[in-house]
Amino acid sequence: MNTMINFFIFLVYYQLMVIMALHAKHALGASPSQAGLVAGIFIVAGLFARILSGRIIELVGRKRLLVTGVIVFALATVLYYFVDSIIPLILVRALHGIGWGLATTSTATITAYIIPDERRGEGVGYFTMSITLASAIGPLVGINLYEISGFDMILKLSIMLLVLIFIALLIFKVPQSHLTQEEKDSLKVMKLSSFFELKVLPLALVGFITFLGYSSVIGFLATYVDEIGLVRAGSFFFMVYSISIILSRPVVGKLFDSKGPNVVMYPSFLLFASGLFLAGQARNGFFLLLSGVLMGFGFGTFAAMGQAIAIKIAPKHRMGLATSTFLAVSELGIGLGPTLLGIIIPTVGFRGLYSMMAGVVVFAMFVYYMVNHKLHMD
């Protein structure tokens, strides 16, 4: 039930995200910088909400925070109907991002508590497949609906999905936490450890570097395949990427639980780096799609199993903080990546960019080695 709710939330997120900048430009006359802000403000607001929710989820209650996040998410979705200029759109996007951050941090935290410790990798792997499926289906639905019926139809579908979420919430029973007074007091104190799980920050830094590498795919693959004349193959890239994640996830999760994190983590870095390098060298559709397969096995494994490690190394009453810390810091790499990498593309070109990002991911692997050695995560 929790995974289904998460899937629908991300489906709404992806189908709106993929067309929002285009809608801002065509319907509201937004400049390129304004259109970029419309897309980016959602992520910034979502990261803020993730940090906040990690601190308060055990104090407010897991289901209560999830319901609150979904209500804010739904309210913002309805408010799109009343937007007629760029400033209100930016404000609604920020509100939407806050709802998304609260709701998705809640679902991830609830998952951490539901799954038995001995099946942590497998369970988190299955849960995060909901995001993978949404990332494959959402953009496809969003782009096609926008071309056929316009923005209004996407909003109607989003509201239908939100109705399903609310129905699911009515019957979804969430196990409540039973914190000691000392644990509650530790979460109320205003200091750095009240907003971040400090044990997870080194791992989250690895996540930031790795997600920075993935931002080159999210941000520039469409432009890159257009430049090298592989648009048709590029249109299948994320489908192949998603399929490879779905096929690998059951095996990867069980290996994580039975053999330990390092058995899957080190190969994930090498496969992701190989996929990025191959993408930069691709001269035909076959090698471009093969790079998508490698990235699916590599980055897809890291994103899920990194979250599982974050949960594993944190105290039980701070699992919410562990989840929000890993996700917020890691996703900052995707939020900042396109802007940072856009500066160097004129100098190195797209092929040089992907080769460089392969090196960045290898560097992330060495940082992980040092973090693993210090925390004894294996």
Side-chain angles (χ1 to χ4, degrees), residues 1-10 13 43-76 95-117 120 123-124 127-128 130-131 165-166 168-170 172-201 203-204 207 306-332:
M1 187 72 72
N2 190 52
T3 301
M4 184 187 73
I5 291 170
N6 196 64
F7 170 71
F8 285 143
I9 291 171
F10 270 94
Y13 159 68
I43 300 297
V44 173
L47 293 178
F48 171 78
R50 283 201 187 283
I51 293 170
L52 175 66
S53 59
R55 168 181 163 78
I56 66 174
I57 188 167
E58 297 304 329
L59 299 174
V60 173
R62 299 165 199 162
K63 185 171 183 179
R64 189 174 299 169
L65 190 65
L66 172 57
V67 172
T68 301
V70 171
I71 289 173
V72 174
F73 193 71
L75 175 63
L95 183 66
H96 210 182
I98 290 171
W100 173 80
L102 293 175
T104 55
T105 302
S106 299
T107 54
T109 303
I110 290 167
T111 292
Y113 281 94
I114 290 174
I115 298 168
D117 290 346
R120 178 79 25 88
V124 172
F127 169 76
T128 54
S130 63
I131 304 173
I165 292 171
F166 279 112
L169 286 173
L170 290 174
F172 181 35
K173 298 188 187 307
V174 178
Q176 292 305 309
S177 58
H178 301 284
L179 303 185
T180 65
Q181 189 58 45
E182 183 181 356
E183 290 170 341
K184 289 180 180 179
D185 291 341
S186 70
L187 292 172
K188 292 177 182 177
V189 177
M190 294 293 291
K191 55 183 180 180
L192 184 63
S193 61
S194 302
F195 297 92
F196 297 95
E197 174 49 57
L198 300 184
K199 287 184 178 179
V200 174
L201 275 177
L203 178 66
Q307 186 175 327
I309 294 173
I311 295 166
K312 180 180 179 180
I313 62 179
K316 200 165 185 66
H317 73 286
R318 293 175 66 87
M319 281 186 180
L321 275 173
T323 300
S324 66
T325 298
F326 180 77
L327 292 177
V329 176
S330 296
E331 288 170 358
L332 189 61

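Keep in mind that what you see is a predicted model, and the values were worked out from it rather than measured.
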Checking [X] now: which residues fulfil side chain to side chain contact (heavy atoms under 4.5 Å, CB included) with it, not counting sequence neighbours?
{"X": "I131", "result": "N6, F10, Y14"}
{"X": "L52", "result": "I56"}
{"X": "L95", "result": "V72, L75, A76, L79"}
{"X": "S53", "result": "L65, L102, T105"}

Closest contact, heavy atoms only, [X] versus [Y]:
{"X": "F326", "Y": "Q307", "answer": "CE2-N, 3.5 Å"}
{"X": "L321", "Y": "F196", "answer": "CD2-N, 4.0 Å"}
{"X": "S106", "Y": "I57", "answer": "CA-CD1, 3.8 Å"}
{"X": "A328", "Y": "L47", "answer": "O-CD2, 3.4 Å"}
{"X": "A168", "Y": "M1", "answer": "CB-SD, 3.7 Å"}
{"X": "R50", "Y": "S324", "answer": "O-CB, 3.0 Å"}

Could you list the residues that satisfy side-chain hydrogen bond (donor to acceptor under 3.5 Å, both in side chains) with [X], not counting sequence neighbours?
{"X": "T109", "result": "none"}
{"X": "S330", "result": "none"}
{"X": "T325", "result": "none"}

CZ (F48) with more than 12 external heavy atoms under 6.0 Å: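 Open: at most 12 neighbouring heavy atoms sit under 6.0 Å from CZ of F48.
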Results of ring-ring contact (aromatic ring centres under 6.0 Å, His included) for F73 - residues two or more places apart only: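 With neighbours one apart ignored, the set is H96.
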Any donor-acceptor pair under 3.5 Å from K63 side chain to L169 backbone: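 Yes, because the side chain of K63 sits within donor-acceptor range (under 3.5 Å) of the backbone of L169.
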Separation of F172 CZ from N2 CG (nearest 0.5 Å):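 It is 4.0 Å, given to the nearest 0.5 Å.
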Spatial distance of atom CG (L66) from atom CD1 (I110) [nearest 0.5 Å]: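 Going from CG on L66 over to CD1 on I110, the span is 5.0 Å.
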Selection residues 100-117 - residue pairs positive for salt bridge (Lys or Arg N to Asp or Glu O under 4.0 Å), sequence neighbours left out: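 Sorted result for residues 100-117: D117-R120.
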